[in-house]
J.: 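Right, I'll just put the structure down here and ask away after.
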Number of protein chains: 4
Amino acid sequence: MAARGINKVILVGNIGNEPEMRYMPNGNAVATVSLATSDTWKDKNTGEQQERTEWHRVVFFGKLAEIVGQYVHKGSKLYVEGRLQTRKWTDQQGVDRYSTEIIVDMGGTMQLLDSRQGGDAGGYQPPPQPYQQQAAAGNQYGGQPAPAQQPMQQPQNRPQQQPQQPAPNFDDFDDDIPF
Amino acid sequence: MAARGINKVILVGNIGNEPEMRYMPNGNAVATVSLATSDTWKDKNTGEQQERTEWHRVVFFGKLAEIVGQYVHKGSKLYVEGRLQTRKWTDQQGVDRYSTEIIVDMGGTMQLLDSRQGGDAGGYQPPPQPYQQQAAAGNQYGGQPAPAQQPMQQPQNRPQQQPQQPAPNFDDFDDDIPF
Amino acid sequence: MAARGINKVILVGNIGNEPEMRYMPNGNAVATVSLATSDTWKDKNTGEQQERTEWHRVVFFGKLAEIVGQYVHKGSKLYVEGRLQTRKWTDQQGVDRYSTEIIVDMGGTMQLLDSRQGGDAGGYQPPPQPYQQQAAAGNQYGGQPAPAQQPMQQPQNRPQQQPQQPAPNFDDFDDDIPF
Amino acid sequence: MAARGINKVILVGNIGNEPEMRYMPNGNAVATVSLATSDTWKDKNTGEQQERTEWHRVVFFGKLAEIVGQYVHKGSKLYVEGRLQTRKWTDQQGVDRYSTEIIVDMGGTMQLLDSRQGGDAGGYQPPPQPYQQQAAAGNQYGGQPAPAQQPMQQPQNRPQQQPQQPAPNFDDFDDDIPF
DNA sequence: TTTT
DNA sequence: TTTT
């Protein structure tokens, strides 16, 4: 993917929900999380400590989505590098709505900062296959509404392909170490 | 401004509009622009060249806003470093709406990449002097709706203070070189 | 500090040594650490897992140096944002030598990623109050030689002002939360 | 290439020399340039404008090196994203020496900011072929000594493969648009 | 709405 | 050695 211009987002923060998994018709995973960053400052007048939490909707594709689905949980601290993308959609009243997300695909990277884990899950994987549209479901966590516009599929559609929790064999990944 | 987590956006792209200037009650400037980045790729099936342009709503504050107001124009190429912020607002139907912007204030930086100009307008300078301000008006440019929430004033309210085009005196800035 | 051009380094990695503290004649702290990042890849021929660790010499100034001196230890995981600087010096044989460091001062930021701590120690705060310091020792880990070229002062000059380990009062910092 | 930790450098600046081209035994290009960034500040005492230029040795590999060789010239303004790497070598006196470079390969990106050109030459190309070691030659440009440690070959070894100036056929690249 |  |  070539590009004109630079579109880069770097976030470090904690995840506010369990990753929401979806699957493309071709089986490729998509994982969505809400990541929090916060600014703190002292009020000029009252001198009181203020804090504002920013919630970022982060969407992982491909291999990174697999890793997120397996190892990222509510409360996990992540380093994320992706790009900004604003999707336009139309709500039930026919009004144009916009949702901005941080896309993390093969051009981005991710790193789990929890525990004794870590490492880059950066991406130079072959590009994801295009796929076909389908169902939809809401996102209950994101700081922004996230109408279903991208096809998804329930995880149970492929339980045998990717065991949910403990990663028994990393051979599912094309690299020895997924992160 | 301390922070928990990292919230950083880096963009390089061209400006699609003349900067929209507003002024705070205390006189501080706010400049908003739309910055384009684009991805290009070859369609897997047709082999045709594809392109998707992403428009970013970038909001500059303080001294950087002044510089943008004076030197940035439709078509300008900019390097921008800021942070993501999503504002919530309620539309006329009482529906919650969200608008995500890249905020560039003293914690960010900007650089004009056009012409023989250039240089960093990054910000660790003492705060710009407050000056005059007034009314308010909507934003017609952003890729996303941007209801007027912050006080603003028409540029014509202060033409004598800040000449529009050729910068005759850099003494308006507290640094020798504004950018 | 204005600039022409962008000079930015972002690192996430673990610290290989106890921070080496120095103090300026005016009391400002300087903390130097060696931070490791590593690339791993599979050998094209043997198929064996390869790893190369890169050691980065990171130098913190001012308030960030204070925080590093108090809270960063061998093994700590850090997010660091600074700028590249290559110093030239002459060795005992009169040969020009160069040492490249990542400088983290008020234009940069740092974040401890260990434990339940975290938060940005980025810097737009007024300069930290000078205070006393203590020990000093060489760096056995850095990938590059680091001859003492900047003025320093023995730590014992200020022990009573800033207790070494557990931070009893964060009021020593001008922000409520140092990181 | 997976990684533990993040090692990222972002530079925007002008090139101080014509790119120095080398070629791997397998024909892969390597381009080295010196890129300048500078900080300016006002002297606290004299009030005079000060400037310090930092020179960065940037080494491009693969397709990006080809593009640099064709389109980058002395004075060109570049956006560069790469990683830090310090090489160790031994000088003629048997003393260990170090040279830090910014490596820009498939994990990095580059963008020409001159003229009406531009665009991302980012990298998701297939990994470069491993190659065999060979000859050596000095580097006359870098801000730091750069003893030959990597095999190279004189450009004249393949002049017929890659016409020097106007890019007649972009088919040499695996993308429609090289930048 | 910009750029190429 | 570049730029402004």
Side-chain angles (χ1 to χ4, degrees), chain A residues 2-7 86, chain B residues 11-20 32-40 49-58 71-78 80 111-121 139-144 146 167 170 175-179, chain C residues 2-7 86, chain D residues 11-20 32-40 49-58 71-80 111-121 139-144 146 170 175-179:
Chain A
R4 292 196 171 271
I6 298 295
N7 176 356
T86 296
Chain B
L11 302 173
V12 174
N14 295 289
I15 304 304
N17 57 351
E18 282 298 308
E20 170 198 347
T32 302
V33 301
S34 286
L35 184 152
T37 58
S38 60
D39 288 320
T40 60
Q49 186 71 11
Q50 307 284 127
E51 177 163 353
R52 183 189 199 279
T53 294
E54 192 69 37
W55 286 98
H56 310 272
R57 184 174 165 80
V58 184
Y71 301 102
V72 170
H73 296 287
K74 184 175 182 174
S76 292
K77 187 187 284 285
L78 284 190
V80 154
Q111 187 158 332
L112 241 181
L113 300 173
D114 293 317
S115 58
R116 47 253 92 252
Q117 316 181 53
D120 177 26
N139 160 33
Q140 291 86 229
Y141 303 92
Q144 293 185 54
F170 278 10
D175 231 319
D176 284 343
I177 304 176
F179 61 81
Chain C
R4 293 196 169 271
I6 299 295
N7 176 356
T86 296
Chain D
L11 302 173
V12 175
N14 296 289
I15 303 305
N17 57 350
E18 282 297 308
E20 168 197 350
T32 302
V33 301
S34 287
L35 185 151
T37 59
S38 59
D39 290 319
T40 58
Q49 187 71 12
Q50 307 284 130
E51 177 164 352
R52 182 188 200 282
T53 294
E54 192 70 38
W55 286 99
H56 308 272
R57 184 174 165 82
V58 184
Y71 302 102
V72 171
H73 297 287
K74 184 175 182 174
S76 292
K77 187 187 284 286
L78 285 190
Y79 171 97
V80 154
Q111 187 158 333
L112 240 180
L113 300 173
D114 294 316
S115 59
R116 49 253 91 252
Q117 317 181 52
D120 178 26
N139 159 34
Q140 291 82 234
Y141 303 92
Q144 293 182 55
F170 279 9
D175 231 319
D176 282 344
I177 304 176
F179 61 83

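The figures here come from the full heavy-atom set of this structure, side chains too, leaving out hydrogens, waters and symmetry mates. Protein chains get the first letters and strands the later ones, always in sequence-line order, with residue 1 at the start of each.
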J.: Please state how far atom CD1 in Ile6(C) lies from atom P in dT4(F), giving the value in whole angstrom units.
T.: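 Taking atom P of dT4(F) as the reference, CD1 of Ile6(C) is at 16 Å.
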
J.: Could you work out which one of dT3(F), dT3(E), dT1(E) sits closest to the side chain of Ser34(B)?
T.: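 Of all the options, the side chain of Ser34(B) is nearest to dT1(E).
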
J.: Does Glu54(D) reach the main-chain N or O of Thr86(C) with its side chain, forming a donor-acceptor pair under 3.5 Å?
T.: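 Indeed, once roles are kept as given, a pair shorter than 3.5 Å links the two residues.
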
J.: Would you indicate whether the side-chain heavy atoms of Leu78(D) and Val12(D) approach each other to under 4.5 Å?
T.: no

J.: Write down the distance between CG (Asn7(A)) and P (dT3(E)), rounded to a whole number of angstrom.
T.: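 Distance, rounded to whole Å: 19 Å.
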
J.: How close or far is atom P of dT3(E) from atom CG of Asp114(B), stated in whole angstroms?
T.: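 Result: 10 Å.
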
J.: Which of these nucleotides, dT4(F), dT3(E), dT2(F), is closest to any side-chain atom of Asn14(B)?
T.: dT3(E)

J.: Quick one: Glu54(B) CD to dT1(E) P, roughly how many Å, whole number?
T.: 17 Å

J.: For a quick check of understanding: with a heavy-atom distance under 4.0 Å over all strands, which category does Ser76(D) fall into, base, sugar-phosphate or nothing?
T.: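 The residue Ser76(D) makes no contact with any strand.
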
J.: With Lys77(D) as reference, evaluate Val72(D), Leu35(D), Ile15(D), Asp114(D) under the side chain to side chain contact (heavy atoms under 4.5 Å, CB included) test and give the passing residue.
T.: Asp114(D)

J.: Starting from C1' on dT3(E), measure out to CG on Leu112(B) and report it in whole angstrom.
T.: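 So the CG-C1' distance, Leu112(B) to dT3(E), works out to 15 Å.
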
J.: Measure the distance from CG on Leu78(B) to C1' on dT3(E) and round it to the nearest whole Å.
T.: 12 Å

J.: What is the distance from CD of Glu18(D) to C1' of dT2(F), rounded to the nearest Å?
T.: 12 Å

J.: Quick check: any donor-acceptor pair below 3.5 Å linking the side-chain of Arg4(A) to the base of dT3(E)?
T.: no

J.: Is there a donor and acceptor pair closer than 3.5 Å between the side chain of Thr53(B) and the base of dT2(E)?
T.: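 Pair found.
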
J.: Can you tell me the distance, in whole Å, between the CD1 atom of Ile15(B) and the P atom of dT3(E)?
T.: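 About 11 Å, once rounded to whole Å.
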
J.: Which part of the nucleic acid, if any, lies within contact of Thr37(B), taking any heavy atom under 4.0 Å across all strands shown: a base, the sugar-phosphate backbone alone, or nothing?
T.: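 Since no nucleic acid heavy atom lies under 4.0 Å of Thr37(B), the category is nothing.
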
J.: Can you tell me which nucleotide in dT1(F), dT2(E), dT3(F) comes closest to the side chain of Ala36(B)?
T.: dT2(E)

J.: Taking Glu18(D) for its side chain and Lys74(D) for its backbone only, find out whether a donor-acceptor pair lies under 3.5 Å.
T.: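 The answer is yes, because a donor-acceptor pair under 3.5 Å joins these two groups.
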
J.: Report yes if some heavy atom in the side chain of Arg4(A) is under 4.5 Å from a heavy atom in the side chain of Asn14(B); otherwise report no.
T.: no

J.: So, do Trp55(B) and dT2(E) meet the stacking rule of ring centres under 5.5 Å and planes under 30°?
T.: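 No; by the centre-distance and plane-angle rule, Trp55(B) does not count as stacking on dT2(E).
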
